[in-house]
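Note sheet for the following structure.
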There are 2 protein chains.
Amino acid sequence: MGQVLLKERIRSTPASAKLTRRIARELPEALVPQRVDLPLGHILEGDCIEAMRRLPTASVDMVFADPPYNLQLGGDLARPDGSHVDAVTNDWDKFDSFAAYDAFTRAWLTEARRVLKPNGSLWVIGSYHNIFRVGAILQDLGFWILNDIVWRKANPMPNFKGTRFTNAHETLIWASMGEKAKYTFNYNAMKTLNDELQMRSDWVLPICNGAERLKKGGTKVHPTQKPEALLYRVMLATTNTGDVVLDPFFGTGTTGAVAKRLGRNWIGCEQQADYREAAMERIEMALPLDESALKTMQSKRAAPKVAFGTLVETGWIAPGTMVQDKKGRYRAVVRADGSLQVDDLNGSIHGVGAKLQGAPSCNGWTFWHLQHEGEVKPLDAVRQLYLLATED
Amino acid sequence: MGQVLLKERIRSTPASAKLTRRIARELPEALVPQRVDLPLGHILEGDCIEAMRRLPTASVDMVFADPPYNLQLGGDLARPDGSHVDAVTNDWDKFDSFAAYDAFTRAWLTEARRVLKPNGSLWVIGSYHNIFRVGAILQDLGFWILNDIVWRKANPMPNFKGTRFTNAHETLIWASMGEKAKYTFNYNAMKTLNDELQMRSDWVLPICNGAERLKKGGTKVHPTQKPEALLYRVMLATTNTGDVVLDPFFGTGTTGAVAKRLGRNWIGCEQQADYREAAMERIEMALPLDESALKTMQSKRAAPKVAFGTLVETGWIAPGTMVQDKKGRYRAVVRADGSLQVDDLNGSIHGVGAKLQGAPSCNGWTFWHLQHEGEVKPLDAVRQLYLLATED
DNA sequence: ACGGAGGCTGAATCCCTTC
DNA sequence: TGAAGGGATTCAGCCTCCG
């Protein structure tokens, strides 16, 4: 039912229909296994380093790896409403030291490198806890970084205590086997996916929740399940149909599910039996690609919102500038952080506007005005100019 | 002058009087060694590692560093001992150049760490060429990463050959001196700057061009001049007015220009004379903001505290008043000493709230509510009224 | 059936001062 | 120096429930 509703909601565009047709045309070849001695469509049990050792050298086209992040979390964390945050406390994410994590990283990357074809490529995802170590080590091993990609989360968890910036992204590294190595990059597919503009190194995608999130008895099966849209883009961009994709940290099989849907072959490694079971079941259920899924991964929720503060930072409105309402009844000074000050009252353009009028809310963009060359213009006019000047 | 203002802002209470005495006792030591021998507003010539060695230990509040991005751009990289690293293409030499870059990075980060105060913080900006090495090394040196920040460029250079994703971002690392170290974060200023939403780890800002870009004879003075908006956000977020900001790779002085505007002190290091000249000229032109514009939204943690008992003592809330949580599940009576009573349970507004909910902690100010003229208002609303009425 | 209110949750290195 | 305790702190999306 979810499928039907989704389909109905999504409109067919020429671009996505074209892409769907092309993928469908190419699918049949993909089904013919290329190498009889590869465990295609299987999840290898046990430690991924040991498991990869059983695979032949230079046999896979892409490795996608979502290794433990080594989060090093402290005590419990509660939301402002008192509820408990369900943290990643699994043993598989615990390491004694940076040195131990580095040794582990070097070991699995070394095997991944051996197993990759000369023209294959590597993807790794991580956060600031681990990604710098992973990046440095893979460079040391001879991989050549092609891009670092930022997954900007449309709906990240907030910073509940107000102690840092909201950790709103994760980083992926895409690397070839060496400086001179060839690699696959489907430039036009990416351009199509991005409304005929070059695909950039920052991708806005929602986190994995709702129906896509695997659950058992109401609780999530895996604490860090990745969204399929992320893997879609990765595979569509840097593999061809029929390619072999290896995921050494298979988890609940997002890589396998997307590979199946896109006509790629897959191999997984996973230690935990419950993850393996959930993954196999899920992959069996996975449907071939339809247009709705494609549309989902095109999600462009990065509305070009501009905060008033950005205009202050970028010099479009200087701190110290006087602003007023249209009739000049109220006047306020813009401060360095984009707040407004009127006597003892201060706050955002919206909050101060509301308080002065005694209203529950106020649109500061249209309420406050600037005097400019004899004219009185709403702040919104400045925002429009800024957007025009900085549009992609 | 800052001193006087500070004094005026602080109200005299027994607690603050005690604090004032303690500060007065500690001031002489604090003032003497640190400020007078710092070359504030100067650009130190020569190699930044040598230059930093001339600065006293634990003397600056922030280091902002925009180090050379890397190797493959050419032979302008020097080893820590000053010897020159040749541009190379062979595999073994590649390792050699990564090692040289690492040694250079370790050397300047070590000096930066020595010069930073225990509660200071470090910012480094880089791209995928160097940032993974920098990040791993600063972790090894004991810095504690607080956030990685993505500067998402609103108007990046396209990838002309269509061989990779458009490289549309750069990465900044923000780190404290250690896991337990304190640091400055102006949470409310950032939240205000971002239209009342928490500031996220992905910042959308335009690249530096137009009038801001320094040019001489029609060509840009520096190849990688950073936009002032970027430094503006960095400094507003993680320093206070009067702080000392050190930039070991000063270039054409974006850090200095923004520091001057925002009322921060600055020190730069720069090898090239033409950059130094352009920077000094530029900084002289920069206009400092006046004091009213410099004010930013204060955190509530720094606000004057009001004990609940004070509201009872002063008659704002009468002993015997019934309070309740928002939904009326819990009810309690206010006693004459400012404690709450529910059956056998009594204690502070926070403690009773926590115990009733079985929670580890509770903010009584927002948990407990009063019925007043048909409306249900949190105790915090009364506190706000009290503060307004008793303000200087 | 539809809309709004309210609940739940997500790779998180998540307080600070005083005694 | 560790324990105690005051009190500061959240955004988007999807779900269920109810009118």
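Lettering of chains follows the sequences in order, A, B, ..., and the numbering in each one begins at 1.
Within the 4.0 Å cut-off from OP1 or OP2 of dC15(C), not a single side-chain nitrogen or oxygen of Y183(B) is found.
Backbone-only engagement by Q198(B) is indicated by non-hydrogen atom pairs under 4.0 Å involving sugar-phosphate atoms exclusively. Within 4.0 Å of N130(A), counting heavy atoms only, lies no atom of the nucleic acid at all. When heavy atoms are screened at a 4.0 angstrom cut-off, N159(A) is found touching base atoms of the nucleic acid. P67(A) comes within 4.0 angstrom of a nucleotide base, judged by non-hydrogen atoms across all strands. No engagement by S127(A) is indicated, since no non-hydrogen atom pair under 4.0 Å with the nucleic acid exists. Backbone-only engagement by D86(A) is indicated by non-hydrogen atom pairs under 4.0 Å involving sugar-phosphate atoms exclusively. Nucleic acid contact for K191(B): sugar-phosphate only, since backbone atoms but no base atoms lie under 4.0 Å from a heavy atom of the residue.
Place N209(A) and E179(B) on DNA chain C by their nearest nucleotides, and N209(A) ends up nearer the 5' end.
Taking atom CD1 of I207(A) as the reference point, atom P of dA11(C) lies 5 Å away to the nearest angstrom. Here the C1' atom of nucleotide dA11(C) and the OH atom of Y128(A) are 10 Å apart, to the nearest Å. Note: CG (L73(A)) to C1' (dT13(C)) measures 6 Å, nearest angstrom. Note: OH (Y275(A)) to P (dA11(C)) measures 12 Å, nearest angstrom.
Base-pair partner of dA4(D): dT17(C) (Watson-Crick or G-U wobble, both distances under 3.5 Å).
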Are any protein N/O atoms closer than 3.5 Å to N/O atoms in nucleotides 6-8 of chain D? If there are, list each pair with its distance.
residue : atom : partner : partner atom : Å
dG6(D)  : OP2  : S348(B) : OG           : 2.9
dG7(D)  : OP2  : H350(B) : NE2          : 2.6
dG7(D)  : OP2  : W365(B) : NE1          : 3.3
dG7(D)  : N7   : C362(B) : O            : 3.2
dG7(D)  : O6   : S361(B) : OG           : 3.3
dA8(D)  : OP2  : R383(B) : NH2          : 2.6
dA8(D)  : N7   : N363(B) : ND2          : 3.2

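Proximity of the aromatic rings of W174(B) and F165(A) is defined here by a centroid distance below 6.0 angstrom, and this criterion is met.
Side-chain proximity of K327(B) to dT13(C), dG7(C), dG13(D): nearest is dG7(C). Relative to the side chain of D66(A), the nucleotides dA11(C), dC14(C), dG10(C) differ in distance, and dA11(C) lies closest.
For R79(A) against dT9(D), no side-chain N or O and base N or O form a donor-acceptor pair under 3.5 Å.
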Can you give the donor-acceptor pairs under 3.5 Å from side chains of residues 218-225 of chain A to other protein atoms, not counting sequence neighbours?
residue : atom : partner : partner atom : Å
T219(A) : OG1  : K216(A) : O            : 3.2
K220(A) : NZ   : D86(A)  : OD2          : 3.3
H222(A) : ND1  : T224(A) : N            : 3.0
H222(A) : ND1  : T224(A) : OG1          : 3.3
Q225(A) : OE1  : L214(A) : N            : 2.9
Q225(A) : NE2  : E212(A) : O            : 3.1

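Under the 90° criterion around 0 for the glycosidic angle, dT13(C) counts as syn.
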